Amino acid sequence: MEKVMATGPVNLVFDEFAPGHVPAVLHHYCTTETFMAIVVSKRIRLSALSMSNDSEEGRLVLRLTDKLGETHRTDPAVLTSLKAHWNEVVAANEGLGFCLSERGDLLSQWRGYAGQGRGVSIGFSTEFLKRASVPDEANEHFATLERVEYGEGQQLHEYGPTYTALVNAIVDAQGYLQYGHVSITEKLKAVLNRKLRPWTRKIYTFKNDGFAEEREWRMLALLTAEEQEDCSYRAIDDKIVAFREVSLNANEGPAIVSVTLGPKHVTPVDQVERMLQRHGINAVVTKSALTYR
């Protein structure tokens, strides 16, 4: 088996926020009940992404692996082993996310996430979220603010060097070839996991371009297989969803800076303003400009 040659350095460090491409406000669409819960508790919930409306959450990397395997003509036995290991990694690392959009008054978001337009779009200060998301590697529960990437070309570009490193690690272990695939020994698994560690989080920033209209960012954390007791659960319709809460610490500045009432929301703007002020929040409140009914 021939090794795949890397086309660039293996960079496993997350991209920095790009100046000029970071909106000042990011919007979270939700029901009125959830809006009130956030305002009163001063907390947000990072929920299991595997229970979201995208069945490919965290698993799009498998499709990218197939594409790169075809491009590089990777040995099928190596590819099968790599995908099997990816499946183990995804199963052992649940993504927890609080989803936000660059767009604060978007019809598809109102219909999909805010009670068919009866809910609210909460505008969070991006600066606040960035300060709240400073990675603390000593704390396994740290959350980071991440931009979602929809373009397959960019996804392949970002994943390509890591794919190369993983394939080469498996090729180095080709002596373990058995039954049409490379047997993943504990030693090889440790090597792969070291290379994959940053990607256990990164895989939850890639989405199908069919969702690109959402222009999503997310507060993102991980729930590992060893931490299943370190979360809470809530019932939503036909599913039970794991979540972890993050406090909106007032010491880091104002978190909520705007509120947009949905096109079907009936509470007067001034009444919402008074409610927010009662809870110590000074935010601009407006009504959706959409005529959806």
Side-chain angles (χ1 to χ4, degrees), residues 26-63 83 86-101 103 106-122 124 129 133 140-150 199-248 262 264-265:
L26 292 168
H27 307 271
H28 177 72
Y29 290 79
C30 60
T31 64
T32 304
E33 292 84 358
T34 297
F35 167 56
M36 282 298 300
I38 291 172
V39 168
V40 173
S41 70
K42 304 290 194 299
R43 302 179 76 83
I44 57 175
R45 290 180 174 180
L46 279 60
S47 300
L49 293 170
S50 63
M51 292 289 102
S52 75
N53 62 355
D54 181 1
S55 61
E56 209 173 25
E57 281 281 7
R59 310 192 70 84
L60 190 146
V61 70
L62 295 171
R63 181 149 53 89
K83 291 175 65 177
W86 262 124
N87 277 316
E88 288 186 17
V89 168
V90 173
N93 293 275
E94 171 70 85
L96 301 178
F98 180 74
C99 301
L100 305 125
S101 172
R103 307 177 68 176
L106 184 63
L107 180 59
S108 61
Q109 295 285 82
W110 289 121
R111 296 177 68 180
Y113 306 108
Q116 289 289 327
R118 297 179 179 85
V120 170
S121 168
I122 309 172
F124 286 88
L129 296 174
S133 71
E140 290 292 331
H141 302 159
F142 74 86
T144 56
L145 179 63
E146 306 284 353
R147 180 196 284 116
V148 171
E149 176 57 56
Y150 301 98
W199 279 85
T200 56
R201 183 177 295 262
K202 187 75 169 175
I203 58 176
Y204 290 103
T205 69
F206 286 175
K207 293 192 70 171
N208 186 296
D209 63 4
F211 291 90
E213 181 190 44
E214 297 181 351
R215 291 167 64 177
E216 184 181 345
W217 293 60
R218 47 183 51 165
M219 289 290 287
L220 181 63
L222 290 178
L223 177 65
T224 68
E226 293 78 23
E227 299 174 322
Q228 291 301 315
E229 295 182 0
D230 196 14
C231 67
S232 300
Y233 294 88
R234 59 187 174 126
I236 306 176
D237 297 328
D238 61 346
K239 53 194 172 188
I240 295 173
V241 181
F243 70 90
R244 187 179 291 150
E245 292 190 328
V246 172
S247 174
L248 301 177
K264 294 184 182 182
H265 191 99

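These numbers were taken from a predicted model, which means no experiment stands behind them. Along the sequence shown, the residues carry numbers beginning at 1.
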Which value, rounded to the nearest 0.5 Å, describes the distance between Glu33 atom CD and Ile38 atom CD1? 12.0 Å
Not counting sequence neighbours, which residues clear salt bridge (charged side-chain N to carboxylate O under 4.0 Å, His left out) with Glu56? List them please. Arg63
Go through the steps to decide whether Trp199 and Phe206 satisfy the test side chain to side chain contact (heavy atoms under 4.5 Å, CB included), and finish with yes or no. CA-CA 11 Å; Trp199 279 85; Phe206 286 175; 3.6 Å; yes
Salt bridge or not between Lys207 and Glu149? Use side-chain N to carboxylate O under 4.0 Å. no
Please name all residues satisfying salt bridge (charged side-chain N to carboxylate O under 4.0 Å, His left out) with Lys42, sequence neighbours left out, ordered by chain then number. none
Tyr29 and Glu214: side-chain donor and acceptor closer than 3.5 Å? no
Residues two or more places apart in sequence or in another chain: which of them pass ring pair (Phe, Tyr, Trp, His ring centres under 6.0 Å) with Tyr204? none
Looking at residues at least two apart in the chain, or sitting in another chain, which of them share a salt bridge (charged side-chain N to carboxylate O under 4.0 Å, His left out) with Arg103? none
Test of understanding: with ring pair (Phe, Tyr, Trp, His ring centres under 6.0 Å), list the residues that count as partners of Phe35, not counting sequence neighbours. none
Between Trp86 and Ile203, is a side chain to side chain contact (heavy atoms under 4.5 Å, CB included) present by the stated rule, with each step listed? CA-CA 10 Å; Trp86 262 124; Ile203 58 176; 3.7 Å; yes
Are Leu223 and Arg244 close enough, and set up right, to give a side chain to side chain contact (heavy atoms under 4.5 Å, CB included), and what steps lead you there? CA-CA 9 Å; Leu223 177 65; Arg244 187 179 291 150; 3.3 Å; yes
Ring centre gap for Phe98 and Phe243 strictly below 6.0 Å: no
Within this structure, what is the CZ-CD distance for the pair Phe211 and Glu216, rounded to the nearest 0.5 Å? 9.0 Å
Are Glu245 and Arg45 close enough for a salt bridge, meaning some N to O gap below 4.0 Å? yes
Might you work through the side-chain hydrogen bond (donor to acceptor under 3.5 Å, both in side chains) test for Ser50 and Glu94, ending with a clear yes or no? CA-CA 7 Å; Ser50 63; Glu94 171 70 85; 2.5 Å; yes
Atom CZ of Arg118 and atom OG1 of Thr31: how far apart are they, to the nearest 0.5 Å? 12.0 Å
Checking Ser108 against Glu213: is there a side-chain donor and acceptor pair closer than 3.5 Å? yes
Find the distance between CZ (Arg218) and OG1 (Thr144) and round it off to the nearest 0.5 Å. 11.0 Å
Check: Leu107 and Gln109 side chains under 4.5 Å, non-hydrogen atoms: no
Might you point out which heavy atoms bring Arg215 and Tyr150 nearest each other, and give the distance in Å? N-OH, 3.6 Å
Test item: side-chain donor near acceptor, Arg201 and Asn93, under 3.5 Å: no
Check Asn208 against Leu60 and note the closest heavy-atom contact, atom names and distance. N-CD1, 3.4 Å
Using side-chain heavy atoms (C-beta onward) and a distance below 4.5 Å, is Val90 in contact with Leu62? no
Sub-4.5 Å side-chain heavy-atom contact between Thr34 and Val120: no
Answer yes or no: is there a side-chain heavy-atom contact under 4.5 Å between Leu248 and Phe124? yes
With sequence neighbours excluded, residues passing side chain to side chain contact (heavy atoms under 4.5 Å, CB included) with Ser52: Asp54, Glu57
Considering non-hydrogen atoms only, spot the tightest contact between Leu46 and Ala143 and give its length. CD2-CB, 3.9 Å
For Ile122 and Cys30, work out which heavy atoms get closest and say how close. CD1-SG, 3.7 Å
Which atom names give the shortest non-hydrogen contact between Leu222 and Gly95, and what distance separates them? CD2-CA, 4.3 Å
Heavy atoms of Leu220 and Thr205 approach each other most closely as CD2-CG2, 4.0 Å
Is the CD1 atom of Ile240 crowded by more than 12 outside heavy atoms at less than 6.0 Å? no
The test is side chain to side chain contact (heavy atoms under 4.5 Å, CB included); show your working for His28 and Ser101 and say whether it passes. CA-CA 6 Å; His28 177 72; Ser101 172; over 6 Å; no
Is there a side-chain contact between Val241 and Tyr233 (heavy atoms, below 4.5 Å)? no
Could you grab the distance from atom CD1 of Ile44 to atom SG of Cys99, nearest 0.5 Å is fine? 10.5 Å
